[in-house]
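What follows is one structure encoded as structure tokens, with my remarks underneath.
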Amino acid sequence: MEYNFTEIEKKWQKFWEDNQTFRVTEDPSMPKYYVLDMFPYPSGAGLHVGHPLGYIASDIYSRYKKLKRYNVLHPMGYDAFGLPAEQYAIQTGQHPAVTTENNIRRYRKQMDKIGFCYDWSREVRTCDPKYYKWTQWVFIKLFKHWFNKKTNKAEPVKSLIAEFERNGNSAVEASSDKCRIFSASEWKSMSEKEQQLILLNYRLAYYADTMVNWCPALGTVLANDEVKEGYSLRGGHPVEQKKMKQWLLRVSAYAERLLDSLEKLDWSESLKDIQKNWIGRSEGAVINFKVDNAADKKGRKAEIEVFTTRPDTIFGCTYMVLAPEHELVEKITTPQYNIQVEEYIEETKKRTERERIADTKTITGRFTGAYAEHPFSGEKLPVWISDYVLAGYGTGAIMAVPAHDSRDFDFAKHFDLPVREVVSGGDISQGSYDNPEGILINSDFLNGLNVEDATERIISELEKRGRGYKKINYRLRDAIFSRQRYWGEPFPVCYKNEVPYVLDEDQLPLVLPEVDSYLPTEKGEPPLGRAKNWQTPEGYPLELSTMPGFAGSSAYYIRYMDPNNNNELVSKEANRYWENVDLYIGGTEHATGHLIYSRFWNKFLYDTGVVCRDEPFKKLINQGMIQGRSNFVYRVKNSNKFVSLGLKDNFDVTPIHVDVNIVNNDILNIDLFRKWNPEYFDAEFILEEDGTYRCGYAIEKMSKSLYNVVTPDDIIEKYGADTLRMYEMFLGPLEQSKPWDTSGIDGVHKFLRKLWNLFHNEKNEPCISNETPGADELKILHKTIKKIEEDIERFSFNTSVSAFMICVNDLGALKCNKRQILEKLVIILSPFAPHIAEELWHILGKKESVSTATFPEFKSGFLTEDYIQYPVSFNGKTRLKIDFPADYDKEDIERDLMKNDDVLKYLKGQKPKKIIVVKGRIVNIVV
RNA sequence: GCGGAUGUGGCGGAAUUGGUAGACGCGCUAGACUUAGGAUCUAGUGCCGCAAGGCGUGGGGGUUCGAGUCCCUUCAUCCGCACCA
């Protein structure tokens with residue numbers, strides 16, 4: 001036996017655990033560095049080879065930073081509440097806590113085998129009451145705060161109440177729901193219930209009637225980021241729109257800050273773009289249009305409020321459209337049109353979100369019979385309803401400008417409404433001219449202005465006349481925060497007189513109760529409706545919904561700083577020391593969910609003084625997906641005969657996925673294939689000339705159903721964890737998606753064996769020389785030190801693996817076993833292959849873990865060369881390679897070139913027009 | 001429709017600032033050793049060509065002494081958003 005990775009890896013994993021090698025504490029004498037992985041949801045399927053990619057990268061970086069003398073926080077935990085465990089519970093009756101516990105144990109086992117340097121003493125689980133106590137605590141805090149637009153931050157509701165008592169709400173500028181204006185005396189005369197209901201409009205966690213994404217199959221509402229193209233992200237079930245009373249988080253209050261501070265984050269541009277898109281800032285104006293035939297009790301005309309990004313086109317407005325759900329529809333529809341409008345509203349209600357999206361080409365709508373008045377021309381504008389206007393965006397109403405908006409144009413053409421051009425530059429007979437460029441026409445006082453000036457002018461005019469104002473609108477919606485499910489955090493909320501109140505902090509955690517079934521009750525209540533005594537000691541009923549998945553993951557990075565603190569979410573000292581995450585590695589699938597919510601959550605905690613940094617994740621890297629590489633066998637139709645890839649075109653065949661684990665370099669192991677599926681036991685094979693069965697392949701998602709799943713466990717058993725770690729990195733750039741193909745792993749494994757051999761003689765006995773290394777050996781070493789350091793700093797781990805291979809190949813060629821070289825090599829390799837590094841470090845006579853060493857310093861002196869080989873090209877084509885002394889100048893080189901026979905041969909007697917010499921790099925002769 | 005990413009040998013990929021395209025590894029070919037090889041070692045391996053030489057970084061055009069890299073244009077694949085007013 002030579003390099004016995006199984007034994008070595010077990011030994012050092014035990015050593016790390018016994019010695020608590022990676023346990024960290026706050027140490028003000030050292031600079032901190034916080035490396036975080038997106039913690040996993042422990043699914044029943046366990047980890048496949050794609051999951052640990054990011055963990056390995058962050059582990060390498062953590063170990064590197066430790067060698068660079070940083071105090072590194074590198075924790076891990078579990079996002080343990082969630083739907084799959086609960087769905088499984090419904091099917092099997094197994095308590096989700098049990099499934100979750102089992103899955104966590106399996107994950108931990110799998111992770112331990114890879115040799116990560118996590119400080120497991122800091123582990124968190126979102127389903128642990130000691131953890132979710134603090135999730136509930138933050139919820140209460142959100143409930144007790146409102147967002148003051150004047151100070152642009154969250155403030156206690158107490159201060160809001162004080163203001164109401166003093167001056168009513170007229171001077172309050174809050175991110176809030178629409179709320180009527182009241183005076184201080186009105187406030188004081190209100191009942192407790194009335195006051196509480198008003199405050200709900202202001203709270204950052206609030207309870208309101210809202211349009212939700214309802215998923216009947218899952219029996220719960222979903223947040224916008226949990227729905228994709230009308231289907232639930234988890235499970236792919238249809239989702240419909242429904243009005244329901246739900247808990248929401250006022251994320252929209254932070255839209256501007258979430259957008260602005262993206263600038264200073266070291267995230268990829270594409271991820272920032274996704275967030276920018278999701279937040280969806282648009283600048284425009286709110287304009288009020290009076291409606292003729294509807295007035296309130298005091299005789300004030302009703303007003304349609306619209307939001308537009310093109311107020312400059314206001315004179316091109318020829319009609320108005322309300323969303324079918326708009327509250328004014330009922331009030332303004334004239335009796336004559338009542339029936340058809342009601343019909344239309346019924347129809348749209350029936351359509352699911354998915355149908356609406358799928359069917360965007362059919363133009364539908366109804367006239368309400370009402371007319372609005374143009375704020376400048378006084379023209380009568382017919383008011384329509386149509387589902388192309390969304391209730392949930394802007395004000396749910398638009399001024400239609402068919403000449404300059406393609407949707408309005410299509411609608412106008414369909415219903416034969418007038419089109420009036422107001423910005424020159426397009427051809428209105430052909431279609432709308434949406435470009436915001438051109439000169440205003442047919443627009444009264446705006447005529448002759450360009451779009452930009454016209455926009456400015458019209459807004460000031462609107463403001464002067466009190467008919468509108470400048471407004472920045474965001475697409476980002478408040479997050480629906482309740483789920484009608486069991487396996488999540490209970491809300492610390494009870495209801496008195498149907499008004500929600502939060503529990504006192506000292507009643508936390510509010511522990512998830514036991515239920516006899518995980519299904520909704522007969523009354524249609526969530527599963528918590530089945531819990532016995534689900535009420536406060538005073539007898540008030542508790543909330544029946546639970547919190548969504550993103551609740552527990554929104555502040556977990558804070559909890560790691562001080563995971564066992566029972567008095568605070570995080571102590572001031574721990575938070576001030578660790579501040580925030582320096583490096584966060586995870587998948588891009590969380591771009592609009594977790595990464596928005598946790599930024600929001602963090603900003604709120606920053607406003608309230610709980611944490612000291614206003615952004616949670618300074619630098620973020622999205623690792624690419626590892627795709628599966630599937631293999632196929634080709635069955636001749638209506639037979640049990642399988643034909644090899646090279647011959648399959650001669651037959652009528654069906655490609656069938658075959659387990660990649662019984663295929664090697666696309667050659668099928670026929671014996672294993674027969675055993676793999678009894679159906680194929682008697683199969684016949686048509687083989688290649690060389691007697692092998694060659695499989696086809698395709699790059700697909702890694703998935704059980706495609707038989708292309710490779711687990712880290714299998715790889716570790718065959719090659720060891722160090723090989724797995726290095727091969728995962730060797731596959732390609734961290735951020736790119738790339739297919740997993742086990743075939744290539746031999747190269748990395750061979751490398752580790754070659755490394756082992758540098759330290760051992762033919763009899764596999766350790767054999768280290770104390771001789772002083774020569775210049776060539778030092779050069780190889782320092783070239784590698786430099787390369788590895790640079791590569792790690794830019795997260796180019798694939799190229800560092802190559803650099804190690806080159807280094808070991810070169811040292812192997814020199815048969816170098818000199819201590820001074822090998823010691824440093826082991827240190828720089830240890831982040832990548834920690835087990836073999838520890839073993840070799842030990843062989844070098846060290847007693848401590850190699851992780852306590854210091855990253856060696858690169859010395860440029862060892863790299864200087866006497867001669868430099870210059871590629872010599874003629875007209876840009878490389879023809880020759882000539883050595884020149886390193887200190888040669890341009891003139892020296894030119895002079896020598898003209899004496900060189902080969903150069904003269906290529907010149908064929910011509911005189912060069914020009915000679916370009918870039919010192920130390922190239923020579924180019926222009927003929 | 002909008003926004004983003006990617007395109008280099010049979011395959012994964014390298015080339016960090018405009019300066020030797022294909023490092024490193026897999027695979028393949030030949031050889032050595034071996035009872036044997038899915039072990040190990042040596043050599044070769046972008047394409048065309050016997051060769052000289054020519055062609056080569058998705059396609060077309062440009063800037064430059066010199067372009068995978070910069071500019072324009074176009075195609076393909078993937079991802080995100082989408083009646084967002």
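Just so it is clear, the model here is predicted, and its values are computed rather than measured. Proteins get letters first, then strands, A, B, ... in listed order; numbering begins at 1 in each.
Residue-level contact check: A:R753 touches the backbone only, with heavy atoms under 4.0 Å from sugar-phosphate atoms and none from bases. Using a 4.0 Å heavy-atom cutoff across all strands shown, A:I398 reaches at least one base atom of the nucleic acid.
Side chain A:N277 to base B:rC81: no donor-acceptor pair is found below 3.5 Å. A donor N or O paired with an acceptor N or O is found under 3.5 Å between the base of B:rU16 and the side-chain atoms of A:K787.
Pair assignment for B:rU64 gives none, since no Watson-Crick or G-U wobble pairing has each distance under 3.5 Å. Nucleotide B:rG49: unpaired (no Watson-Crick or G-U wobble partner with both distances less than 3.5 Å). Within the shown strands, B:rA43 is the pairing partner of B:rU29 under the Watson-Crick or G-U definition, both distances less than 3.5 Å. Base pairing of B:rC78 is made with B:rG4, judged by Watson-Crick or G-U wobble geometry with both donor-acceptor distances under 3.5 Å. Nucleotide B:rC84 forms no Watson-Crick or G-U wobble pair with any nucleotide shown, as no partner meets the under 3.5 Å limit on both distances. When Watson-Crick and G-U wobble pairs are counted only if both distances are under 3.5 Å, B:rG22 pairs with no nucleotide at all. Nucleotide B:rG37 has no partner under the Watson-Crick or G-U criteria, as no pair reaches both atom distances under 3.5 Å. Pairing for B:rU16 is absent, with no Watson-Crick or G-U wobble pair whose two atom distances lie under 3.5 Å.
Aromatic pair A:F411/A:Y319: centroids less than 6.0 angstrom apart. Taking the centre of each ring, A:H749 and A:Y727 stay at or above the 6.0 Å mark. Between A:Y867 and A:F884, the ring centre distance reaches or exceeds 6.0 Å. In this structure, A:F409 has its ring center no closer than 6.0 Å to that of A:H404.
Look at B:rG80: its glycosidic torsion is beyond 90° from 0, and that puts it in the anti range.
Rounded to an integer number of Å, the gap from CG of A:N665 to P of B:rG38 is 11 Å.
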